[in-house]
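When a ligand or atom number is given, it counts from 1 through the structure's own listing order. The shown structure was predicted, so the numbers you read here are calculated from the model rather than taken from an experiment.
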Amino acid sequence: MFKRKNLFSLLSKCLGFCLIIAAPGVAVRAGDAEELVTTRCAVCHTLEAPDQSALTLQEKVGRKGPPLFYAGQKYQQEWLTGWLQKPRRITPSGGDFWANSVIVTDEGDEIDESKLVEHIALEQGEAQIVSDYLMSLVAYPQLTPDLDYTPAKVTMMLARKDFRKFKGCSGCHRDEPDFGGVTGPELYTAMDRLQPSYIVSYISDPIAWDPHTLMPRKNLNEASILKLMNYLNEIKEPSQ
Ligand code: HEC
Ligand code: HEC
């Protein structure tokens, strides 16, 4: 049995310890999220929908990170909260304007590693409130109507050939960690990171999201997009 004095000192030690543990959680409140994002993220990410018709190619070239003003339509929140605490590269060439870090050679595009920077990481409490805040940002609701996507099996060899060769997606995207282009985001983690309705919408009309995207609008029909979705689902890897 503890003597009274010992018990007291034990309790006070524990209290001090518990306060230290709780402190990071207390320091960030939901209301702080907008301020945190404005001060620490807005230098590289757009947080308000721009007037698309006024966007210039210059704006695209000067972008330091992907836009976040439609985050609520784009990300799976669980992924977002985790990634903000442990960010890792999604676009092999860095995710800002590709020409900043890609050297074009006769053998294909090479990445200038010295131009790539580590992404800022957030504490758990911060990541939670920031992801809640980002998920509230919606800009183009008409582009992601409710989608009832039920994955179906595909014949892998054909589906891979369709993605890589017939649709030409691997010119810019990877469907395996070491295979494919470096200018677009990796797609073997797309189904883990992104909402299915966003993926369908982006494939069907990337220009509606971003007038100066590199990704071409191929006018694919619903069946072709569904085939690509099923392939992305089949190759899905957890992204963290
Ligand atoms: C110095 C510039 C910079 C700052 C500051 C910055 N980011 Fe980023 N962020 C980037 C770049 C570049 C990428 C693309 C990474 C990739 O594709 O590999 C990125 C990617 C992301 C992504 C994933 C985007 C996607 O769709 O693939 C999220 C979410 C994100 N940042 C949120 C934040 C938040 C929240 C903050 C502030 C706490 C922040 N970023 C601060 C440059 C920055
Ligand atoms: C010429 C290069 C290019 C081609 C070809 C291309 N894409 Fe993209 N794609 C991009 C880039 C770059 C982005 C990121 C947005 C941006 O910067 O414009 C993107 C974004 C995407 C996204 C959203 C992913 C994310 O993490 O934000 C999906 C899904 C996608 N592409 C699927 C495809 C599919 C499927 C094909 C083949 C039908 C394809 N893309 C062909 C360049 C390309």
Side-chain angles (χ1 to χ4, degrees), residues 33-47 60-61 63-68 70-77 79-85 87-102 109 111 115-123 126-127 129-135 137 159 162-175 180-207 209-220 224-232 239:
E34 189 170 354
E35 200 194 322
L36 190 156
V37 169
T38 312
T39 51
R40 291 170 69 188
C41 320
V43 271
C44 299
H45 295 284
T46 320
L47 295 157
K60 173 84 177 167
V61 173
R63 252 185 238 175
K64 296 203 175 92
L68 289 179
Y70 48 78
Q73 292 172 273
K74 178 171 179 179
Y75 304 110
Q76 307 246 14
Q77 186 166 10
W79 171 84
L80 181 60
T81 314
W83 188 87
L84 289 171
Q85 295 168 70
R88 51 169 284 278
R89 206 167 304 293
I90 302 164
T91 309
S93 60
D96 52 355
F97 188 66
W98 62 277
N100 297 338
S101 51
V102 169
D109 293 347
I111 302 165
K115 297 273 171 59
L116 302 181
V117 285
E118 291 292 313
H119 197 274
I120 166 179
L122 300 179
E123 303 281 338
E126 292 173 326
I129 57 156
V130 165
S131 96
D132 282 346
Y133 172 69
L134 292 178
M135 292 307 288
L137 304 180
D162 178 53
F163 178 92
R164 292 182 178 178
K165 244 182 134 170
F166 302 144
K167 302 293 190 312
C169 310
S170 60
C172 303
H173 293 284
R174 292 188 171 175
D175 58 352
V182 296
T183 50
E186 64 190 28
L187 289 185
Y188 50 92
T189 57
M191 287 298 235
D192 193 45
R193 295 184 287 113
L194 309 170
Q195 296 175 31
S197 54
Y198 177 78
I199 303 178
V200 166
S201 176
Y202 208 93
I203 296 175
S204 79
D205 191 357
I207 291 158
W209 290 91
D210 185 349
H212 297 293
T213 177
L214 274 183
M215 179 158 153
R217 175 163 50 199
K218 292 194 186 245
N219 297 318
L220 300 173
S224 302
I225 295 175
L226 200 62
K227 208 195 269 175
L228 288 165
M229 285 293 283
N230 288 333
Y231 178 61
L232 294 180
S239 76

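- Atoms of the protein (N, O or S only) found under 2.8 Å from atom 8 (Fe) of ligand 2 are His173 NE2, Met215 SD.
- Under the 4.0 angstrom criterion for non-hydrogen atoms, Glu186 is not in contact with ligand 2.
- Leu187 is listed as a side-chain neighbour of Phe163, based on a closest heavy-atom distance under 4.5 Å.
- Contact annotation: for Lys60 versus ligand 2, heavy atoms closer than 4.0 Å belong to the side chain alone.
- Contact annotation: for Val117 versus ligand 1, there are no heavy atoms closer than 4.0 Å.
- Arg193 counts as a contact of ligand 2, since one of its heavy atoms falls under 4.0 Å from the ligand.
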Legend entry - Check against ring-ring contact (aromatic ring centres under 6.0 Å, His included), Tyr198 and Trp209: CA-CA 10 Å; Tyr198 177 78; Trp209 290 91; 4.9 Å; yes
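- Pro87 places none of its side-chain heavy atoms less than 4.5 Å from the side chain of Glu118.
- The closest side-chain donor-acceptor pair between Thr38 and Glu35, if any, does not fall under 3.5 angstrom.
- Atom 29 (C) of ligand 2 has its closest protein heavy atom at Ile199 CG2, 3.7 Å.
- Contacts of Lys64 with ligand 1, taken as heavy-atom pairs under 4.0 Å, involve the backbone alone.
- Looking only at protein heavy atoms, the nearest one to atom 28 (C) of ligand 1 is Trp83 CZ3, 3.3 Å.
- For the ligand labelled ligand 2, residue Gly168 lies inside the 4.0 Å heavy-atom shell.
- Among all protein heavy atoms, the one lying closest to atom 25 (C) of ligand 1 is Tyr75 OH, 3.2 Å.
- Taking a 4.0 Å cut-off on heavy atoms, Ala190 fails to register as neighbouring ligand 2.
- Only the side chain of Leu84 comes within 4.0 Å of ligand 1, counting heavy atoms alone; its backbone N, CA, C and O stay farther away.
- At least one N or O atom of Thr91, backbone or side chain, sits closer than 3.5 Å to an N or O atom of ligand 1.
- Atom 24 (C) of ligand 2 has its closest protein heavy atom at Leu194 CD1, 3.7 Å.
- Of the protein's heavy atoms, Gly94 O, 3.6 Å lies nearest to atom 15 (C) of ligand 1.
- The single protein non-hydrogen atom nearest to atom 5 (C) of ligand 1 is Arg40 O, 3.3 Å, given as residue, atom name and distance.
- Contact annotation: the side chain of Met215 approaches that of Tyr202 to within less than 4.5 Å [non-hydrogen atoms, C-beta and beyond].
- Neighbours of atom 8 (Fe) of ligand 1 restricted to protein N, O or S atoms under 2.8 Å: the count is 2.
- Ligand 2 has no N or O atom lying under 3.5 Å from any N or O atom of Lys167, backbone or side chain.
- Considering only non-hydrogen protein atoms, atom 27 (O) of ligand 1 sits nearest to Ile90 CD1, 3.4 Å.
- Ion pairing between a basic and an acidic side chain is recognised when a charged N comes within 4.0 Å of a carboxylate O; Arg63 and Asp210 show such pairing.
- The shortest non-hydrogen separation linking Leu47 to Ala42 is CD1-CB, 3.7 Å.
- Given atom 12 (C) of ligand 2, the protein heavy atom at minimum distance is Thr183 O, 3.7 Å.
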